[in-house]
Amino acid sequence: MKAYIGCISDKGNYREKNQDRAVCHMTDRKGALLAVACVCDGIGSFARSEIASEMLTAGVSRWFEGMKAYYPDTMDEETLVEDLDITVRELNELAYEYRREHGIDIGCTMSLLLLAGRNYHVFHVGDSRIYLVRDGMQQITRDEVVMKEAGGRVKPRLANYVGKDRELWMSRLTGTLEGKAAFLMGSDGLFKQLAYEDVAEAIGRVKSSRHAGKACGRLLELVLERGERDNVSCILVCAVP
């Protein structure tokens with residue numbers, strides 16, 4: 001199994017700053033594919049939530065750089081996954097303590113994908129999304145939102161986020177890929193204006209990580225052209241047998 005990866009994040013045409021962060025990394029040391037991708041969306045009602053997004057994605061990047069030399073020789077997949085779980089929970093506690101120490105509200109969503117050979121592992125908090133793309137688009141994360149009334153209207157509100165509590169509630173999912181597949185990851189700003197046909201066309205052109213990066217850029221352009229007002233982050237992980 002090999003993979004092509006690309007990611008992009010942009011403040012968009014209307015917001016003053018980008019509270020999203022997106023990172024992706026890959027190695028195939030000794031023929032053992034290992035890739036990690038993470039997208040975080042800062043909570044818009046908190047003025048400094050890019051701090052939480054940066055904490056999480058920078059921490060995931062440090063984790064990957066520290067672990068890639070050990071897999072698969074001295075660290076197996078199971079141990080690697082559990083170490084990543086511990087790392088994410090520690091990063092959540094870091095964000096929580098930052099809130100307490102500085103007296104400001106910060107928080108972010110997190111959708112994280114770990115790909116080890118044919119196996120994938122998902123770690124998820126909030127309402128960013130991961131889709132598994134084959135003949136169609138299957139959302140493999142769940143939007144953690146609740147409906148609440150405000151100003152006479154019922155609106156969705158985020159029920160869970162990184163930094164909310166010291167102990168993190170996080171959903172996990174594990175699966176195995178059969179044949180060619182792709183993962184599309186993004187903050188919620190990516191998906192409101194996007195159709196499956198857009199994604200299929202972009203993925204169909206991917207034959208390298210450089211192409212994957214360009215595909216992310218094209219999807220970003222499409223949603224901004226269609227009027228998306230939020231920050232937009234996009235990650236593509238294309239797995240090929």
Quiz item: With a 4.5 Å limit on heavy-atom distance, are the side chains of Y98 and I104 in contact?
Solution: yes
Exercise. Over all heavy atoms of both residues, which pair between Y4 and V240 is shortest? Give the atoms and the distance, please.
Key: CE1-CG2, 3.9 Å
Quiz item: Are there more than 12 heavy atoms of other residues, nucleotides or ligands under 6.0 Å from atom NZ of K2?
Solution: no
Practice problem: Check whether more than 12 heavy atoms from other residues, nucleotides or ligands sit under 6.0 Å from atom CZ of R172, and answer yes or no. | Solution: yes
Quiz item: More than 12 heavy atoms of other residues, nucleotides or ligands under 6.0 Å from CG of D135: is that the case?
Solution: no
Quiz item: Does CZ in R134 sit with more than 12 non-hydrogen atoms of other residues, nucleotides or ligands closer than 6.0 Å?
Solution: no
Quiz prompt | Straight-line distance of M110 CE to T57 OG1, nearest 0.5 Å | solution = 11.5 Å
Quiz item: Got more than 12 heavy atoms from elsewhere within 6.0 Å of CZ, R229?
Solution: no
Quiz item: Is there a chain of hydrophobic side chains (I, L, V, M, F, W, Y, each step under 4.5 Å between heavy atoms) that links V162 to V145?
Solution: no
Quiz prompt | Side-chain donor-acceptor contact under 3.5 Å, S9 with N18 | solution = yes
Quiz item: Looking at side-chain heavy atoms only, is the closest gap between Y70 and P72 below 4.5 Å?
Solution: no
Quiz item: Would R15 and D20 pass as an ion pair if we require N to O under 4.0 Å?
Solution: no
Practice problem: Flag the pair R89 and E82 as a salt bridge only when some basic side-chain nitrogen lies within less than 4.0 angstrom of an acidic carboxylate oxygen. | Solution: no
Quiz item: Between R62 and E65, is there a salt bridge with N-O shorter than 4.0 Å?
Solution: no
Quiz prompt | More than 12 heavy atoms of other groups within 6.0 Å of R48 CZ | solution = no
Practice problem: Verify the cluster assignment for V237 and I140: are they in a single hydrophobic cluster under the rule of side-chain heavy atoms below 4.5 Å apart? | Solution: yes
Quiz item: Same cluster for V88 and L80 if Ile/Leu/Val/Met/Phe/Trp/Tyr side chains link at under 4.5 Å?
Solution: yes
Quiz prompt | Close side-chain approach of V60 and H25, heavy atoms under 4.5 Å | solution = no
Quiz item: Taking atom OG of S187 and atom CD of Q19, what is their separation to the nearest 0.5 Å?
Solution: 11.0 Å
Exercise. Kindly compute the distance separating CZ (R157) from NZ (K148), expressed to the nearest 0.5 Å.
Key: 8.5 Å
Quiz item: Once you round to the nearest 0.5 Å, how far does NZ of K164 lie from CG of N160?
Solution: 6.0 Å
Quiz item: Stepwise, does the side chain to side chain contact (heavy atoms under 4.5 Å, CB included) test hold for T109 with V125?
Solution: CA-CA 5 Å; T109 68; V125 180; 5.9 Å; no
Quiz item: Taking C-beta and beyond as the side chain, do T141 and M185 meet within less than 4.5 Å on heavy atoms?
Solution: no
Quiz item: Should H211 and R205 be marked as a side chain to side chain contact (heavy atoms under 4.5 Å, CB included) after you check the CA-CA gap, both sets of side-chain angles, and the distance that decides it?
Solution: CA-CA 7 Å; H211 291 135; R205 299 176 181 176; 5.9 Å; no
Quiz item: Side-chain contact, heavy-atom cut-off 4.5 Å: R142 with S171?
Solution: no
Quiz item: If you link I, L, V, M, F, W and Y whenever their side-chain heavy atoms are under 4.5 Å apart, who else ends up in the same group as V133?
Solution: I8, Y131, M137, L184, L190, F191, L194, Y196, V199, I203, L219, L220, L222, V223, L224, V232, L236
Quiz item: What about V122 and V81, same hydrophobic cluster or not, with Ile/Leu/Val/Met/Phe/Trp/Tyr joined at side-chain heavy-atom distances under 4.5 Å?
Solution: no
Quiz item: With hydrophobic residues grouped by side-chain heavy-atom distances under 4.5 Å, do W63 and L112 end up in a single group?
Solution: yes
Quiz item: Side chains of K17 and K11: does their closest heavy-atom pair fall under 4.5 Å?
Solution: no
Quiz item: Are any of the side-chain heavy atoms of E77 and T79 separated by less than 4.5 Å?
Solution: no
Exercise. Report the C-alpha distance between H121 and F123 in whole Å, list the side-chain angles of each, state the deciding distance to 0.1 Å, and finish with yes or no for side chain to side chain contact (heavy atoms under 4.5 Å, CB included).
Key: CA-CA 7 Å; H121 305 271; F123 304 76; 4.1 Å; yes
Practice problem: Evaluate the side chain to side chain contact (heavy atoms under 4.5 Å, CB included) criterion for residues D143 and D188: first the C-alpha distance (whole Å), next the side-chain angles of each, then the deciding distance (0.1 Å), finally the verdict. | Solution: CA-CA 10 Å; D143 296 344; D188 60 349; over 6 Å; no
Practice problem: Compute whether any side-chain donor of one residue and acceptor of the other, for E144 and H124, lie under 3.5 angstrom apart. | Solution: no
Practice problem: Output the distance between atom CG (N231) and atom CZ (R21), rounded to the nearest 0.5 Å. | Solution: 9.0 Å
Practice problem: Evaluate the side-chain proximity of F64 to T27: yes if any heavy-atom separation is below 4.5 Å, no if none is. | Solution: yes
Quiz item: Above 12 or not: heavy atoms from other molecules or residues under 6.0 Å from CD of E78?
Solution: no
Quiz prompt | Spacing of SG belonging to C40 relative to CD belonging to E50, to within rounding of 0.5 Å | solution = 12.5 Å
Exercise. Classify the side-chain pair S128/S111 by whether it contains a donor and acceptor separated by less than 3.5 Å.
Key: no
Self-check item: Closest non-hydrogen atom pair, S53 against C108
Solution: OG-CB, 3.5 Å
